[in-house]
Undergrad: 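Sending over a structure as structure tokens; questions will come in a sec.
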Amino acid sequence: MGEREMNRFNIIAWAQFLSETGQFSQAEVVLRLGRSKWSCSSSNDTSFFENELTRLCLQKQMLSDVRKDADRCIVARAQIFLTENKIHDAIELLTTLSLSTLPSDRRSAISLYQFLVKELTERKRYDELKDLLFSKTYPLGPVFDLVHQALILGFLDVQNVRRRFYFQTLEGAGKDFSTLLKLSAAACAVNARDIALESSDRLLTIANYSGDSSEMMEAHLSYGHAHLSAGALEFAKKSYNCALSISNDDVRAWLGLAVISLEEENYVSFAKYVEYASKQIKGPELTLLFQLLCCSIEIMGSSKIGMLENQISLLMFSHPTEKMKHNHEIAPPQTVMIEHILEEVTKRVSKHQKMKKYLLYDHRDSEFSCRYKENLYILCSNSGVDLITNTNNGLRRQWLDGFSRLDGEFVLIIEQDHELLPTCPDWGQIIDVFRKRPDINYIKINRDPTLPEQFDFFACQSLLDYKTNVTKTGLFSNTPHMMRRSFFENFIRPIVEDNRVFDGGNGGAAGIEENVNIVIKHLADFLGWQVAARLLGLTIWGNIGEKAVVRHLGY
């Protein structure tokens with residue numbers, strides 16, 4: 001065999017070795033180089049390499065078909081295991097597949113991993129999902145939204161699992177702009193500052209490389225939200241201004257700057273940025289927000305901003321439940337529970353304040369409810385409380401009825417099954433926060449410890465919040481709270497007035513927070529949670545780490 005044939009066969013042997021070890025791309029490069037070298041030689045040499053390339057293509061296709069068949073079998077087997085409730089057997093399939101798959105092609109393992117994550121999430125198998133998330137690191141972009149929702153709703157040890165999930169997503173995202181954008185928004189929403197900053201930094205790098213103006217806009221906004229979350233106001237301000245340099249009519253950037261003005265207590269700048277944003281506001285949610293912001297600007301500019309309101313309205317809600325029939329002596333039809341709350345509420349009214357008290361009773365036509373109504377009438381007559389009785393109203397309509405009777409600015413909301421603990425503040429202390437902070441509309445009197453991550457989404461504090469002893473929160477809650485009546489009139493009432501979709505839910509106790517939080521989530525999806533929560537003025541009493549000051553009796 002001559003030198004020419006020896007060289008040719010060496011190249012073929014090298015290519016075959018590469019293909020047998022699964023390195024098809026490298027084998028194809030070798031064959032194409034060989035064909036190029038002998039292209040000027042005889043047609044037999046050229047066709048020899050053409051034949052080898054054809055054989056390589058067929059080998060590659062056959063292996064691909066085998067893998068596809070194997071994938072289908074494995075997924076089918078995993079589905080059978082899940083049907084039989086053999087969760088761990090399904091997870092073991094992933095381990096087997098990842099070990100048998102060549103390092104150059106992990107698509108099969110990734111596909112099964114994403115399938116199992118989706119199945120376990122939809123089945124609410126949170127313990128097994130946690131084990132799976134902690135066992136592997138694969139790209140999670142295609143199932144990010146699904147898993148993130150499960151983390152909000154399903155896990156008790158949310159912090160560790162959520163951070164693990166975020167880190168896995170960050171590691172597997174690569175240059176996937178869409179996944180990184182979702183990750184940055186989600187991390188900002190729960191105050192995972194390090195992940196928010198890292199993912200938004202990657203977004204800027206990708207956008208700078210691509211030169212896409214729409215990507216650049218989203219990257220700057222994401223960067224601004226991340227730094228706002230971290231309390232780095234100057235960096236956030238620079239990012240929002242960069243976004244405006246791309247598009248001067250972006251509502252999100254103007255409102256981001258408005259939030260920074262609130263943190264700096266610069267109410268003149270706040271009004272200016274809201275005015276700029278208002279020129280581009282579209283859609284019912286943003287229109288509603290703008291209506292509220294205009295009211296906030298009016299409060300900020302009022303000469304009475306430093307005056308302490310001397311009247312509080314108490315709205316206490318009660319309705320019969322099945323639990324009431326089976327509990328100890330303080331539960332209805334006795335009025336001991338209501339008497340105790342009224343006593344604790346009254347103790348916290350200062351000398352210079354007046355409190356107008358309303359008890360709204362949602363009656364049911366039964367012997368139990370009638371006895372309770374008679375007892376409530378006696379209690380209210382002796383306590384200077386206005387008893388308002390409706391029948392089968394539900395909480396939403398009870399709120400509308402109660403607020404229609406008020407004329408003071410501050411409203412205290414308490415339901416029948418709450419108890420004020422000795423650590424609960426006096427009402428003057430809470431109103432003093434409203435006086436100092438015209439940007440705050442709602443202060444929840446916490447019945448759970450104020451933690452950075454909790455069920456009602458997130459809690460975060462700026463330096464200004466810490467000084468005024470409040471913590472920002474993302475969602476609205478029916479639990480005991482004080483709000484400005486203007487917040488109800490300009491934001492809550494327009495949402496709940498004609499919205500009956502949740503009426504009757506939770507034994508009649510639904511219809512307020514459910515409707516309101518849907519709108520808040522829509523606003524937050526567009527503006528970012530950090531911006532939306534600040535503009536709405538949603539807070540919790542006390543600094544992060546403080547214990548509950550209200551107890552839930554559960555009736």
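Heavy-atom basis, side chains included; hydrogens, waters and symmetry copies ignored. Owing to the predicted nature of the structure, the values given are computational and were not obtained by experimental measurement.
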Undergrad: Which distance, rounded to the nearest 0.5 Å, do you find between the CD of Q416 and the CG of L360?
TA: 12.0 Å

Undergrad: May I have the step-by-step check of salt bridge (charged side-chain N to carboxylate O under 4.0 Å, His left out) for D465 and R437, ending in yes or no?
TA: CA-CA 9 Å; D465 294 332; R437 297 280 302 275; 3.2 Å; yes

Undergrad: Do side-chain atoms of Q461 reach the backbone of V470 as a donor and acceptor pair under 3.5 angstrom?
TA: yes

Undergrad: Report yes or no: is the cationic atom of R252 (NZ for Lys, CZ for Arg) under 6.0 Å from the centre of the six-membered ring of F526, at an angle within 45° of the ring normal?
TA: yes

Undergrad: Taking I195's backbone N and O only, do any of them form a donor-acceptor pair with S199's side chain (distance below 3.5 Å, no angle check)?
TA: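 Yes, S199 side chain to I195 backbone: donor-acceptor pair under 3.5 Å.
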
Undergrad: I would like to know whether F434 and N441 meet side chain to side chain contact (heavy atoms under 4.5 Å, CB included); could you show each step before the answer?
TA: CA-CA 7 Å; F434 283 117; N441 292 305; 5.6 Å; no

Undergrad: Do other residues, nucleotides or ligands put more than 12 heavy atoms under 6.0 Å from the CZ atom of F235?
TA: no

Undergrad: What heavy-atom pair brings P438 and I299 nearest, and what distance separates the two atoms?
TA: CB-CG2, 3.9 Å

Undergrad: Are Y240 and H225 close enough, and set up right, to give a side chain to side chain contact (heavy atoms under 4.5 Å, CB included), and what steps lead you there?
TA: CA-CA 9 Å; Y240 293 135; H225 297 339; 2.8 Å; yes

Undergrad: Verify whether one side chain among T205 and N208 offers a donor that lies under 3.5 Å from an acceptor in the other.
TA: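 No pair is found: no donor N or O on one side chain lies under 3.5 Å from an acceptor on the other.
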
Undergrad: I would like to know whether D525 and K521 meet salt bridge (charged side-chain N to carboxylate O under 4.0 Å, His left out); could you show each step before the answer?
TA: CA-CA 6 Å; D525 286 343; K521 287 174 182 175; over 6 Å; no

Undergrad: Measure from the side-chain N and O atoms of Q530 to the backbone N and O of C188, and report whether any donor-acceptor pair falls under 3.5 Å.
TA: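 Looks like yes, one N/O pair under 3.5 Å.
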
Undergrad: How about CD on E298, more than 12 heavy atoms from neighbouring residues, nucleotides or ligands closer than 6.0 Å, or not?
TA: no

Undergrad: Using a strict threshold of under 4.0 Å (side-chain N to carboxylate O), is an ion pair present between R534 and D439?
TA: no

Undergrad: Can a salt bridge be assigned to the pair E263 and K472 using a cut-off of 4.0 Å between side-chain N and carboxylate O?
TA: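 Looking at E263 and K472, the cut-off is met.
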
Undergrad: Side chains of I281 and T287, heavy atoms from C-beta outward: is any pair under 4.5 Å?
TA: yes

Undergrad: Please lay out, stage by stage, how S214 and D212 fare under the test side chain to side chain donor-acceptor pair (under 3.5 Å).
TA: CA-CA 6 Å; S214 62; D212 186 308; 2.5 Å; yes

Undergrad: So F317 and W399, would you call those rings parallel, tilted or perpendicular, with 30° and 60° as cut-offs?
TA: parallel

Undergrad: Output the distance between atom NE2 (H227) and atom OG (S222), rounded to the nearest 0.5 Å.
TA: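 Between atom NE2 of H227 and atom OG of S222 there are 10.5 Å.
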
Undergrad: V516 versus F491: any side-chain heavy-atom pair under 4.5 Å?
TA: yes

Undergrad: Can you give me the closest heavy-atom contact between L244 and D250, atom names plus distance?
TA: CD2-O, 4.0 Å

Undergrad: Would the distance check show the side chain of Q291 and the main-chain N or O of N490 forming a donor-acceptor pair, the cut-off being under 3.5 Å?
TA: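 Pair found, side chain donor or acceptor close to backbone of N490.
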
Undergrad: If we ignore hydrogens and angles and just use 3.5 Å, is the side chain of E514 paired with the main-chain N or O of G511 as donor and acceptor?
TA: yes

Undergrad: Do L527 and L289 have side chains that get closer than 4.5 Å, going by heavy atoms?
TA: yes

Undergrad: Got L420 and V549 here, is their nearest side-chain heavy-atom distance under 4.5 Å?
TA: no

Undergrad: Do R202 and E198 meet the salt-bridge criterion of a basic N to acidic O distance under 4.0 Å?
TA: yes

Undergrad: Quick check: does any side chain N or O of T346 sit under 3.5 Å from a backbone N or O of L342, one acting as donor and the other as acceptor?
TA: yes

Undergrad: L538 and I520: side chain to side chain contact (heavy atoms under 4.5 Å, CB included), yes or no, with the steps?
TA: CA-CA 11 Å; L538 303 173; I520 291 175; 3.9 Å; yes

Undergrad: Quick one: are I492 and F476 in side-chain contact, heavy atoms under 4.5 Å?
TA: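 When only atoms from C-beta onward are counted, F476 and I492 do touch, with a gap below 4.5 Å.
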
Undergrad: Keeping Y442 on the side-chain end and S477 on the backbone end, is there a donor-acceptor pair under 3.5 Å?
TA: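 A pair under 3.5 Å: yes.
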
Undergrad: Give, for atom CH2 of W254 and atom NZ of K279, the distance between the pair rounded to the nearest 0.5 Å.
TA: 8.5 Å

Undergrad: Quick check against the 3.5 Å criterion: does E215 have a side-chain atom that pairs as donor or acceptor with the backbone of F177?
TA: no

Undergrad: Just by modelled atom types, is the W541 backbone N or O under 3.5 Å from a matching donor or acceptor in the N469 side chain?
TA: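 Such a contact is absent between N469 side chain and W541 backbone.
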
Undergrad: Considering all heavy atoms of both residues, which atom of L170 and which atom of L180 are nearest to each other, and what is their separation?
TA: CD1-CD2, 3.9 Å

Undergrad: Taking the side chain as C-beta and beyond, is there a heavy-atom pair between T423 and K547 under 4.5 Å?
TA: no

Undergrad: Looking at E343 and K347, is any side-chain nitrogen of the basic one under 4.0 Å from a carboxylate oxygen of the acidic one?
TA: no

Undergrad: Between R397 and D401, does any NZ, NE, NH1 or NH2 come within less than 4.0 Å of an OD or OE carboxylate oxygen?
TA: no

Undergrad: Looking at every non-hydrogen atom in both residues, tell me the closest pair between L536 and F487 and how far apart they are.
TA: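 In this case the closest contact between L536 and F487 is O-CE1, 3.9 Å.
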
Undergrad: Identify the two heavy atoms, one from T169 and one from T179, that lie closest to each other, and give their separation to 0.1 Å.
TA: CG2-CG2, 3.6 Å

Undergrad: Taking K237 first and then E264, would you say they form a salt bridge - that is, a charged N and a carboxylate O separated by under 4.0 Å?
TA: yes

Undergrad: Determine whether a donor-acceptor pair (N or O, by modelled atom type, separation under 3.5 Å) exists between the side chain of R396 and the backbone of N499.
TA: yes

Undergrad: Go through the steps for L535 and F290 under the test side chain to side chain contact (heavy atoms under 4.5 Å, CB included), then give the verdict.
TA: CA-CA 10 Å; L535 291 176; F290 179 64; over 6 Å; no

Undergrad: Any heavy-atom pair between the side chains of V345 and W427 that's under 4.5 Å?
TA: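 W427 reaches V345 side chain to side chain.
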
Undergrad: Nearest 0.5 Å please: distance from the NZ atom of K444 over to the CD1 atom of I540.
TA: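 Result: 4.5 Å between the selected atoms.
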
Undergrad: Would you check if there is a donor-acceptor pair between the side chains of T479 and R447 at a distance under 3.5 Å?
TA: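 Judged by distance alone, the side chains do not pair up.
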
Undergrad: Could you tell me the separation between the OG atom of S200 and the OH atom of Y223, rounded to the nearest 0.5 Å?
TA: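 So the gap between those two atoms works out to 6.0 Å.
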
Undergrad: Taking all atoms of both residues into account, what is the closest heavy-atom pair of L262 and L464, and its distance?
TA: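 Distance-wise, the nearest heavy atoms are O-CD2, 3.6 Å.
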
Undergrad: Could you label the plane-to-plane angle of the F165 and F144 rings as parallel, tilted or perpendicular, counting under 30° as parallel and over 60° as perpendicular?
TA: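 Answer is parallel, since the angle falls under 30°.
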
Undergrad: Less than 4.5 Å apart, side chain to side chain, heavy atoms only: is that true for L475 and W529?
TA: yes

Undergrad: Let me confirm one number: the CG-CD1 distance from L412 to I445, rounded to the nearest 0.5 Å.
TA: 5.5 Å

